There are 2 protein chains.
Amino acid sequence: MKLEQAVGLVIRKHRTVEKISQFKLAELTGYDRSFISLLERGRRMPTLKTIFVLAEHLDIPAPQLVEEIQQLVNSDIMEY
Amino acid sequence: MKLEQAVGLVIRKHRTVEKISQFKLAELTGYDRSFISLLERGRRMPTLKTIFVLAEHLDIPAPQLVEEIQQLVNSDIMEY
DNA sequence: GAGATATGTTGACTATAGTCCGCTGTCATT
DNA sequence: AATGACAGCGGACTATAGTCAACATATCTC
């Protein structure tokens with residue numbers, strides 16, 4: 001799977017687990033809601049800083065977030 | 001410590017451990033040498049993609065690279 | 001002291017991360 | 001059917017990641 005897609009899936013997964021809306025996550029992190037949407041749909045590649053900020057507010061260590069992303073990238077899961 | 005500084009230190013550390021020059025790392029990763037220099041001096045915040053590419057050619061898992069960066073950020077080490 | 005290697009630095013450029021605002025569609029609730 | 005919460009999506013914008021060429025300095029070796 002493409003890196004952008006993996007990033008989006010992992011972010012969305014943790015956001016829904018935390019039961020918060022894109023709006024709320026945007027509010028928490030200080031990012032724009034449309035940007036959160038772009039990230040989750042795999043249309044943007046975040047900087048490392050963004051990963052740290054998101055991880056913090058999704059209550060997950062940044063390295064673990066990256067780990068999950070990497071596992072998705074290395075998997076054979078496809079999108080269509 | 002600032003995130004950018006931590007990124008720079010960790011990259012440089014692993015590059016020197018691997019005993020390769022900035023030039024060589026640039027060649028391996030496909031990035032510009034001046035960009036490697038900027039990163040190591042904490043003047044640029046890489047995207048997550050860049051982290052993955054660098055990690056691959058520095059022979060270290062990306063999550064571990066991020067882990068080391070986080071530890072530096074959370075430490076009390078100062079630069080002056 | 002000339003040449004080779006490694007890094008810093010900078011200025012101008014291109015690509016893309018991230019903002020802001022607004023409109024659309026969907027779904028659930030009343 | 002109206003309202004409200006939520007997400008997709010667009011265009012136009014600003015900030016910054018990453019390129020490229022060039023010059024400077026330091027060190028080391030011959």
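A, B, ... follow the sequence lines: proteins, then strands. Residue 1 opens every chain. For clarity, every value in this text was computed on a predicted model and none was experimentally measured.
The nearest pair of heavy atoms linking B:Met45 to A:Lys49 is SD-N, 3.7 Å. Scanning all heavy atoms of the two residues, the minimum distance from B:His57 to B:Val53 falls at ND1-O, 3.1 Å. The two residues A:Pro61 and A:Ala55 have their closest heavy-atom pair at C-CB, 4.2 Å. Minimum heavy-atom separation, B:Glu4 to B:Gly42: CB-O, 3.3 Å.
Residue A:Thr50 is classed as a sugar-phosphate contact, given heavy-atom separations below 4.0 Å to backbone atoms only. Within the 4.0 angstrom heavy-atom criterion, only backbone atoms of the sugar-phosphate kind lie near B:Ser21; the bases stay farther away.
Contact annotation: A:Arg44 does not reach the phosphate of D:dT16 (side-chain N/O to OP1 or OP2, under 4.0 Å). Between A:Gln22 and D:dG8 there is a side-chain N or O to OP1 or OP2 distance below 4.0 Å. When the side-chain nitrogen and oxygen atoms of B:Ser37 are compared with OP1 and OP2 of C:dG8, one or more of them lie within a distance under 4.0 Å. Phosphate contact (OP1/OP2 of D:dA7, side-chain N/O of A:Arg15, threshold under 4.0 Å): present.
With contacts defined as side-chain heavy-atom distances shorter than 4.5 Å, the pair A:Ile36/A:Leu54 qualifies. In this structure, B:Glu18 and B:Lys24 have side chains that are not in contact, with every pair of non-hydrogen atoms separated by 4.5 Å or more. Considering only heavy atoms from C-beta on, B:Leu25 comes within 4.5 Å of B:Leu58 through its side chain.
What separates CE of A:Met45 from C1' of C:dG18 is a distance of 14 Å, to the nearest Å. Whole-Å rounding puts the B:Glu27 CD to D:dC20 C1' distance at 16 Å. B:Asp32 has its CG atom 13 Å from the C1' atom of C:dT10, to the nearest Å. Residue A:Ile36 contributes atom CD1, which lies 12 Å from atom C1' of C:dT19 at whole-angstrom precision. Taking atom CG of residue A:Leu48 and atom C1' of nucleotide D:dG18, one finds them 16 Å apart after rounding to whole Å. We find that CG of A:Leu3 is positioned 14 Å from P of C:dT16, with the value rounded to whole Å. Whole-Å rounding puts the B:Leu38 CG to C:dG11 P distance at 13 Å. Between the C1' atom of D:dA7 and the CZ atom of A:Phe23 lies a distance of 13 Å, rounded to the nearest Å.
Contact of B:Arg33 with C:dG8 (side chain to base): a donor-acceptor pair of N or O atoms is detected under 3.5 Å. Counting distance only, with no hydrogens placed and no angle test, the side-chain atoms of A:Ser34 and the base atoms of D:dC9 include no donor-acceptor pair under 3.5 Å.
Side-chain contact, A:Thr50 with A:Thr47: a donor N or O sits under 3.5 Å from an acceptor N or O.
You'll find that the side chain of B:Arg41 is closest to C:dT9, out of D:dT19, D:dC9, C:dT9. Residue B:Thr47 has its side chain nearest to D:dG18 when only D:dG18, D:dA7, D:dC9 are considered.
Residues from residues 54-65 of chain A with heavy atoms under 4.0 angstrom of DNA chain D: there are none.
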